[in-house]
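Note sheet for the following structure.
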Protein chains: 2
Amino acid sequence: MLKVLQNIAKHVSLTKEEEALFLSKTETKQFKAKTILLSAGEVATCTYFVNSGILRSFNINDNIIEHVLHFACEGWWIGDMYSYISEKPGNLFIEVLEDAEVVIITKENQQQLYQEIPKLERFFRILAENSLVSHQERLMDNLSLTAEERFEKFCSKYPTLIQKVPQKHIASYIGVTPEFFSKMKARLLKK
Amino acid sequence: MLKVLQNIAKHVSLTKEEEALFLSKTETKQFKAKTILLSAGEVATCTYFVNSGILRSFNINDNIIEHVLHFACEGWWIGDMYSYISEKPGNLFIEVLEDAEVVIITKENQQQLYQEIPKLERFFRILAENSLVSHQERLMDNLSLTAEERFEKFCSKYPTLIQKVPQKHIASYIGVTPEFFSKMKARLLKK
DNA sequence: AAGGGCACTTAATGTAGGTTAAGAAATTAT
DNA sequence: ATAATTTCTTAACCTACATTAAGTGCCCTT
């Protein structure tokens, strides 16, 4: 079965007809690494589900410094929620880090789906709640843990990502500079 | 009209019967300042809506240092989402900072309400999405702004809170020690 | 295979914010 | 009112992490 449907089935169960309806309102596309799916300043009109590959969302501060908000690999959803719900230009970029296949839902179609399959309202509620919890945890971690502890937590939480994405992006996600990250890593290897 | 109902009406419209049903599944209580509504280690079984007064949620690190996750005053919802959805013991305390009147919904009742009034599923989806957006913004702010900038942002976002809650809690929310916060405030006043 | 960028490392130096400690001011309790 | 606690301030000193800068390795592209 398709990965999106499997993902939805984790929280709500759709009939075959509903699944077909859902799929008819989505589009699946392939993207090469380095493709930008969304740029800061644009209004986010879509939500993305990753079938394969890796994406990241990030913003750019003072036109110089990038901050990674989120990585998304197989089975994850990603988007710019702020821009999506406010329909205002957002601050996030969404970029393909590793060749990816992505399921795309436009906001328009998502709204229609909410009318036609109210169960999806529940699904996306649960998705938002879970995402909220992990953002809360990350926020508290940033307030109370050292960079080293945050890195360890990252490693145990996303073991596959460490080998696959440039470490400067992991540094950014953790909240340190690439230089400090490199030093910290060397220190950890000595132990 | 009651504040909770007004709050719900911002996103979905209920009939009189639905409103009555909703209210029948809630309980409104008064609490004195310093009351602890939820302690770390407990399973959160309720969500709270603040009619009046001020609450805060926080965790305690290494049994010493408190970190404020959230303030909630009139018209805000508060709870321990992690514990609430996982039904595991949580890390958060919820405390009354200023005598408060609080509308309480148990998880059990909330689940029933989802069945009986599917529109509430949408309401709480929107609530979670909005909360997610503000947590994302705060996370990025913690990564990219200085303490001073975060404080200024806090002031413009929650102007009423500054006079009302002990500044050590604001320091904690911002992510600095009370001592540094005091120094920073003195510096800002000189300008 | 050579050249040009990225990504990573290392090291010197700088700074935002933490820690410790002690006293002053403001609340709260008696 | 007075004592007791909590909150806030100030100041000296400390550290985790940032900045700058230079050098190394390595994937791309042609």
Side-chain angles (χ1 to χ4, degrees), chain A residues 32-36 54 56 58 60-68 71 95-99 140-154 161-191, chain B residues 32-36 54 56 58 60-68 71 93 95-99 140-155 161-191:
Chain A
K32 284 273 163 210
K34 298 188 183 173
T35 311
I36 301 286
I54 305 175
R56 69 165 176 143
F58 63 100
I60 297 184
N61 210 255
D62 302 323
N63 296 314
I64 304 178
I65 302 165
E66 291 181 8
H67 288 280
V68 173
F71 293 108
E95 181 199 30
V96 179
L97 289 183
E98 199 176 69
D99 293 6
M140 295 311 251
D141 286 351
N142 279 331
L143 294 177
S144 59
L145 303 182
T146 64
E148 213 169 299
E149 291 168 325
R150 274 176 273 146
F151 177 49
E152 278 164 7
K153 214 162 171 180
F154 182 88
L161 274 178
I162 303 150
Q163 294 95 317
K164 290 188 178 172
V165 318
Q167 80 179 26
K168 63 172 185 170
H169 292 149
I170 296 173
S172 168
Y173 182 95
I174 300 290
V176 295
T177 59
E179 293 86 354
F180 183 77
F181 188 87
S182 177
K183 187 158 67 172
M184 183 177 79
K185 212 183 65 174
R187 198 169 59 215
L188 284 170
L189 283 175
K190 276 190 195 152
K191 289 185 184 173
Chain B
K32 284 272 162 210
K34 297 191 180 172
T35 310
I36 301 287
I54 305 176
R56 69 165 176 143
F58 63 99
I60 298 184
N61 212 254
D62 303 323
N63 296 313
I64 302 178
I65 302 165
E66 290 181 10
H67 288 280
V68 173
F71 294 107
F93 294 81
E95 181 198 30
V96 179
L97 289 182
E98 199 177 69
D99 294 5
M140 296 309 252
D141 286 351
N142 279 331
L143 294 178
S144 59
L145 303 182
T146 64
E148 213 169 298
E149 291 166 326
R150 276 176 272 145
F151 177 48
E152 277 164 7
K153 213 160 171 180
F154 182 88
C155 290
L161 273 178
I162 302 150
Q163 294 94 316
K164 288 188 178 172
V165 318
Q167 81 177 28
K168 63 172 186 169
H169 291 150
I170 296 174
S172 169
Y173 182 94
I174 300 289
V176 296
T177 58
E179 294 85 353
F180 182 77
F181 187 87
S182 178
K183 186 159 65 172
M184 183 176 78
K185 212 183 65 174
R187 199 168 58 215
L188 284 171
L189 283 175
K190 274 190 195 150
K191 290 185 183 171

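All figures in this text were calculated on a predicted structure; none of them were measured in a lab. Convention: sequence-line order gives letters A, B, ...; per-chain numbering from 1. Computation of the quantities below employed the complete heavy-atom set of this structure, encompassing side-chain atoms and omitting hydrogens, waters and symmetry-equivalent molecules.
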Can you measure [X] atom [atom1] to [N] atom [atom2] for me and round it to whole angstrom units?
X	N	atom1	atom2	value
A:Ile174	D:dA16	CD1	P	17 Å
A:His67	D:dC17	NE2	C1'	14 Å
B:Lys164	D:dT7	NZ	P	19 Å
B:His169	D:dC8	NE2	C1'	13 Å
A:Leu145	D:dC17	CG	P	10 Å
B:Glu149	C:dA16	CD	P	11 Å
A:Leu143	C:dA16	CG	C1'	16 Å
B:Lys168	D:dC8	NZ	C1'	11 Å

| task | Name the residue closer to the 5' end of DNA chain D, choosing between B:Pro166 and A:Met184 according to the nucleotide with the nearest heavy atom. | result |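 Upstream on the strand: B:Pro166.
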
| said: Rounded at 0.5 Å granularity, tell me how far CD in A:Glu98 sits from CG in A:Leu161. | reply: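 Reported to 0.5 Å precision, the distance equals 9.0 Å.
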
| task | Would you mind telling me which of C:dT9, C:dG17, D:dC8 lies closest to the side-chain atoms of A:Gln167? | result |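 Out of C:dT9, C:dG17, D:dC8, the nucleotide with an atom closest to A:Gln167's side chain is C:dT9.
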
Between [Y] and [X], is there a side-chain heavy-atom distance shorter than 4.5 Å?
X	Y	value
B:Glu66	B:Glu95	no
B:Cys155	B:Ile162	yes
A:Phe151	A:Val176	no

| field | Rounded (10°) bend between the five-pair end axes of the helix from C:dA1-D:dT30 to C:dT30-D:dA1 | value | 60°

| Starting at the 5' end of DNA chain C, which residue's closest nucleotide do you reach first, B:Lys34 or B:Ala147? | B:Ala147

| task | Quick one: sort the B:Phe93 and B:Phe58 rings into parallel, tilted or perpendicular, breaks at 30° and 60°. | result | parallel

| salt bridge (charged side-chain N to carboxylate O under 4.0 Å, His left out) partners for B:Glu179, two or more places apart | none

| task | For the pair B:Gln167 and B:Ser182, evaluate side chain to side chain contact (heavy atoms under 4.5 Å, CB included) and give the outcome as yes or no after the intermediate values. | result | CA-CA 9 Å; B:Gln167 81 177 28; B:Ser182 178; 4.2 Å; yes

| Just by protein heavy atoms under 4.0 Å, how would nucleotides 18-27 of chain C read 5' to 3' in B, S and -? | BBBB------

| message | When you measure from the side chain of A:Thr35 to the backbone of A:Val96, do you find a donor-acceptor pair of N or O atoms at a distance under 3.5 Å? | response |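 No; zero donor-acceptor contacts below 3.5 Å.
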
| field | B:Asp99 side-chain N/O to B:Ala33 backbone N/O, donor-acceptor pair under 3.5 Å | value | yes

| request: Report yes if a side-chain nitrogen or oxygen of B:Lys185 is closer than 4.0 Å to either non-bridging phosphate oxygen (OP1 or OP2) of D:dT9; otherwise report no. | output: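 True: B:Lys185 side-chain N/O within range (under 4.0 Å) of D:dT9 OP1/OP2.
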
| Under 4.0 Å between a side-chain N or O of A:Arg187 and OP1 or OP2 of D:dA16? | no

